[in-house]
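None of these values were measured; they are calculated from a predicted model.
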Amino acid sequence: MHRTVPSLPLAPSVKVKLINAGFQVASDLTDMRPLQLCKEAGISQEEAVEVLQMLRDDGQPHQQRAATESLTALDLLHQEQALGSIVTFCSALDDTLGGGVSMGKTTEICGAPGVGKTQLCMQLAVDVQIPVCFGGLGGKALYIDTEGSFLVQRVADMAEAVVQHCTLLAEDTEQKQALEELTVEKILSNLFLVRCHDYVELLAEVYLLPDFLSKHPEVRLIVIDSIAFPFRHDFEDLSQRTRLLNGLAQQLIQLATQHSIAVVLTNQMTTRVSNGQSKLVPALGESWGHAATQRLILRWEGLRRLASLYKSPSQMEATVQYQITVQGFRDASDEHRPTPDTSAVSSQLGNHSKRPRTEDLS
Amino acid sequence: MEWEQLDLNPRIIGAVKKANFRSAKEILSVSGPDLQRLTRLSKTDVQRLHCAVAAAVRKSKPVTALQLIRGECPVLEAGHRLSFACPILDGLMRGGLPLRGITELAGESAAGKTQFCLQLCLSVQYPQENGGLNSGAVYICTEDSFPIKRLRQLIAQQPQLRPDLPPALIRSLRFSDNIYIEHAADLEALQACVSQRVPVLLKRGLVRLLVVDSVAALFRSEFQADEAIERSRHLLAFSNTLHRLSHEYGAPVVCVNQVTDVVDGPNPGRCDYGLVGSKVLPALGIAWANQVMVRLMLRRLAGQVQSASRSSAPRKLEVVFAPHLPRASCLCGVWEEGVRGIPDDHSDLQPQGSS
C-alpha cells in the first residue's frame with residue numbers, strides 16, 4: 001500500500017515527528033522495530049508500538065472488507081429461505097409464522113399457566129427431528145427446563161403421533177427408507193434435557209452453549225422453558241435483573257444467528273393494573289419485550305385457545321385458534337386429517353368452537 | 001468458591017482473586033466486557049473464565065429423553081408416581097402424583113380436599129411396588145386443627161380401601177407414627193416450618209410427601225386488597241422453597257387452595273383457564289398459578305351415589321392443567337374407608353352447576 005504518512009490515522013504530533021525524521025510513505029515504516037522507530041523519530045515507545053500495530057492491521061482487511069461487502073440482499077433472502085423452519089403441526093399457526101418457527105431467530109412464547117406453552121415447546125422439540133425428505137429439518141433439540149414441567153411420558157406420546165403421521169404420508173422410497181429409522185426411541189435419543197434450578201445455573205448453561213453446539217452440530221433448536229421462572233423471585237435489585245436478562249437475550253441471539261438455529265423461550269403472564277383496569281401482560285418487564293425477535297402470545301377465550309403473533313419483523317400480526325390433543329399441538333378443527341383415533345381425541349377434550357364449522361372431508 | 005479448583009491458568013485465577021470476586025454467582029452475573037474491565041484480562045481469557053465457572057456450577061450434563069424414559073436418571077425422572085390408592089383416580093392422573101413439582105387441589109369448603117390429603121398421607125407409606133414411596137408425610141395445617149379422629153378411622157379401614165394388598169403388609173405399617181403434623185398460625189410460622197423443620201425430616205428420609213392445608217388461608221388473611229405486590233412477593237418466596245425441596249428430595253408437594261367467586265363475566269384481566277361457566281376459580285391469582293405444575297379442582301355435586309348400601313355425595317375431580325394430562329375429570333365419592341373413584345357407567349346422579 002502506498003499510503004503517505006500524513007494520510008495515516010495518527011495523532012498530528014506523531015505525524016509531524018515522523019515526517020521530520022524523513023518517513024514519507026507507509027512502506028518506509030513497515031519494516032521498522034519499535035525501538036528503532038522510537039530513536040529515529042523521537043516518539044515514545046508506546047506511540048511507536050501503536051503506529052506499527054495500526055499499519056499491520058491496516059494492511060490485510062482491505063481484501064476481507066471487499067469480500068464481505070459483496071453480500072447482497074438477494075443473497076440474504078436466499079440464505080434465509082434455505083434455512084427452513086420448524087413446523088408446529090397447527091397449520092394455521094404455521095401459516096401465520098411463515099412456515100413455522102424460523103431459524104436464526106429467537107421466538108418468545110407467552111401465556112397463562114396451562115394454556116399450552118410447554119406443550120408447544122415439546123412439540124417443536126419433536127418436530128425439529130422430522131427427516132428432510134418429509135419437509136423437516138432432521139435436527140436435534142436441546143431443552144433447558146427451569147420449572148421441572150418436562151415430563152418425558154408426554155414427549156413420548158407426541159413422538160409416537162409424529163411417527164404415525166409420517167407413516168401415513170410416506171410415498172416414495174426415500175421417505176420409506178427414512179421412516180425405517182424414525183422410531184420413538186430415535187426421537188427421544190435426539191432430545192437433550194438440562195434442568196436448571198435457579199438463575200445462576202441458567203446463566204451457566206447459556207455460557208456453555210457454544211461448547212455444546214460445537215460438540216453437537218446437528219442441534220437446530222434450543223428451548224428454554226421458562227426463562228421467567230428463575231428470574232421472578234430473589235431479585236430486590238430489578239436493574240440487575242434487567243441487565244442479566246438483556247445479556248442473556250444478546251447471547252441467545254448471537255447463537256441463533258451464528259449457528260442458524262431456532263431459540264424458543266417461554267415467558268409467564270402477570271397482571272398489570274392501569275387506569276383502574278387490570279390486564280394480563282407478559283412478565284419480566286417492559287425492556288424484556290424488546291429482547292426476542294418474534295413474540296407469540298397464547299391465551300384463553302372462553303373454551304377456545306388462541307395464539308396471537310404479537311411481534312415479528314417479517315410476518316403480519318394475526319390470531320389463530322389451536323388445540324392440545326392427545327397427539328400434541330394441533331389445529332382447532334383437526335377432523336379432516338387422517339388420524340387413527342379421532343373419536344377418542346374429540347371426546348376427551350371439550351375444546352370446540354362455539355360456531356359450528358363445516359368440515360371438508362378429504 | 002475455591003478458585004484453584006477450576007481448570008484455569010493461574011494468571012487468570014490471580015486476576016479474579018485480585019478483583020475480589022468471591023463466588024461463581026458474581027462471575028456469571030457480570031458480562032464479558034465488564035469482567036475484562038474489572039480484572040484487566042483479555043477477551044479470550046474472560047471467555048475461558050466464564051466457561052470454567054459455568055462448568056463448575058452445572059450440576060449435571062445434558063441427558064437424552066431416551067435415557068430418562070429408560071429410568072437411567074432417577075434424579076430427573078423417577079419413573080413412578082405416588083398413587084391415590086384408587087385405580088380410577090390413578091387412571092385420571094396417569095399413575096398418580098408426579099414426584100417433583102407442586103400439585104394444587106382447589107375446591108369449595110366441604111368438597112373433600114382434606115379427605116384426599118389424608119388418603120395420600122397413608123398411601124405414601126406403602127412400598128414403591130404398591131404405589132407408595134416407603135416413607136412418611138408432613139401435614140401442615142393452617143386452617144382447622146388436624147382431623148385426628150378421621151385419620152384413625154381411615155387407618156382402621158385401610159384393608160377395605162386396599163383389598164388388593166396382603167393384610168399382613170397393612171398391619172405391619174405404623175401409619176400414625178409416620179405422619180408429622182404441624183400447625184402454622186401465621187405466615188412467619190409457616191415459612192419457618194417449611195424452611196427449617198421440613199428439610200430436616202426430608203433429609204433424614206422420614207417423609208416424602210408434604211401437604212399444606214391450606215395455602216390460601218394465611219395469604220388471604222394477612223394481606224389487604226391493596227397489598228397485592230407484597231403478597232405476591234411472599235407467595236413467590238414460599239412457593240420457591242416448596243419447589244426447591246420437592247426437586248431436591250423427590251417429594252410431591254400437595255397444596256390445598258380455596259376458591260373465589262366469579263361475580264362479573266369473562267374479564268380479560270383475569271385468567272379463567274378455560275373454566276367457562278364455572279362460578280368459582282382457584283384463589284391467589286396468577287402469581288400462584290404460575291408456580292403450580294398440576295392443578296386439580298374438586299367440586300361437590302348434588303344428589304347421592306350408592307355403594308353397597310352406603311351413600312355419599314358425589315364429587316367431580318377435574319384436571320385443570322398438567323403438562324402430561326388432558327383436560328379430563330372423574331367422579332368420586334367419600335366413604336368411610338376413604339375416597340374412591342366412581343366408574344363412568346354410573347347412572348343415578350344429578351350434577352349441579354357447570355359440567
Side-chain angles (χ1 to χ4, degrees), chain A residues 112-115 118-119 142-143 147-156 185 187-195 197 200-201 203-205 207-208 211-212 228-229 232-234 240 243-244 247 268-271 273 277-280 283 299-303 305 324-326 348-351, chain B residues 24-25 28-29 31 50-51 53-69 76-77 94-95 98 100-101 228 233 236-237 239-240 243-244 246-248 266-274 276 285-287 289-293 295 320-328:
Chain A
V115 76
T118 305
Q119 303 296 308
L142 171 66
Y143 200 105
E147 296 184 335
S149 54
F150 183 91
L151 291 173
V152 71
Q153 216 176 5
R154 182 62 174 144
V155 181
E185 277 88 25
I187 295 182
L188 292 178
S189 70
N190 287 337
L191 214 177
F192 296 96
L193 172 76
V194 178
R195 198 159 277 161
H197 299 92
V200 179
E201 284 185 38
L203 290 171
E205 212 50 60
Y207 276 118
L208 292 170
D211 193 44
F212 179 83
F229 191 80
R232 290 196 72 199
H233 57 78
D234 246 7
Q240 193 204 18
R243 214 173 16 88
L244 288 177
Q268 295 171 342
M269 300 294 265
T270 183
T271 328
V273 183
Q277 281 219 340
S278 66
K279 54 181 193 146
L280 288 180
R299 65 182 202 279
W300 292 102
E301 198 178 82
L303 279 175
R305 301 186 202 228
I324 314 280
T325 69
V326 155
Q348 223 170 0
L349 300 144
N351 258 332
Chain B
K25 183 166 155 175
L28 292 174
S29 303
S31 69
H50 267 145
C51 284
V53 172
V57 162
R58 180 196 249 182
K59 286 211 176 105
S60 55
K61 290 204 167 137
V63 296
T64 65
L66 188 62
Q67 287 174 288
L68 285 181
I69 210 169
L76 290 176
E77 177 78 41
R94 275 180 103 173
R100 289 181 163 85
R233 219 166 38 84
L236 282 184
S239 64
N240 184 41
H243 199 90
R244 256 190 318 107
S246 175
H247 277 265
E248 196 175 330
N267 178 356
R270 182 194 62 223
C271 181
D272 285 338
Y273 312 105
V276 178
I286 204 165
N290 277 324
Q291 311 297 315
V292 165
M293 188 171 84
R295 170 166 269 182
V320 179
F321 60 74
H324 61 306
L325 302 173
R327 258 287 170 78

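To the nearest 0.5 Å, the span separating OH on A:Tyr207 from SG on B:Cys51 amounts to 9.5 Å. Within the model, atoms OG1 of B:Thr64 and CZ of A:Phe192 stand 7.0 Å from one another, a figure rounded to the nearest 0.5 Å.
With a 4.5 Å cut-off on non-hydrogen atoms, A:Val155 does not touch chain B at all. Using a 4.5 Å cut-off between heavy atoms, B:Arg94 touches chain A through backbone and side chain atoms alike. A:Leu280 touches chain B through backbone and side chain together, each having a heavy atom under 4.5 Å away. Looking at A:Phe150, the atoms closer than 4.5 Å to chain B (heavy atoms on both sides) sit in the backbone and in the side chain alike. At a 4.5 Å heavy-atom cutoff, the contact between A:Ser149 and chain B is made by backbone and side-chain atoms alike. Heavy atoms of B:Ala289 lying under 4.5 Å from chain A belong to its backbone as well as its side chain.
Put simply, the side chain of B:Asn290 never gets that close to the backbone of A:Ala112: no donor and acceptor are under 3.5 Å apart. A:Arg195 contributes a side-chain N or O that, together with a main-chain N or O of B:Leu76, makes up a donor-acceptor pair within less than 3.5 Å.
Chosen from A:Leu203, A:Leu193, A:Thr118, the residue pairing most often with chain B at heavy-atom distances under 4.5 Å is A:Leu193. Contact count versus chain B (heavy atoms, under 4.5 Å) is highest, among A:Val194, A:Ile187, A:Leu142, A:Val200, for A:Val200. Chain B forms the most heavy-atom pairs under 4.5 Å with one residue out of A:Glu147, A:His197, A:Arg299, and that residue is A:Glu147. Contact count versus chain B (heavy atoms, under 4.5 Å) is highest, among A:Lys279, A:Gln153, A:Gln240, for A:Gln153.
Taking the six-membered ring for Trp and thresholds of 30 and 60 degrees, B:His243 and A:Phe229 have ring planes inclined between 30 and 60 degrees apart.
Counting only heavy atoms from C-beta outward, the side chains of A:Pro113 and B:Val292 never approach each other to under 4.5 Å.
Using a 4.0 Å cut-off between charged side-chain N and carboxylate O, B:Arg58 and A:Glu201 make no salt bridge.
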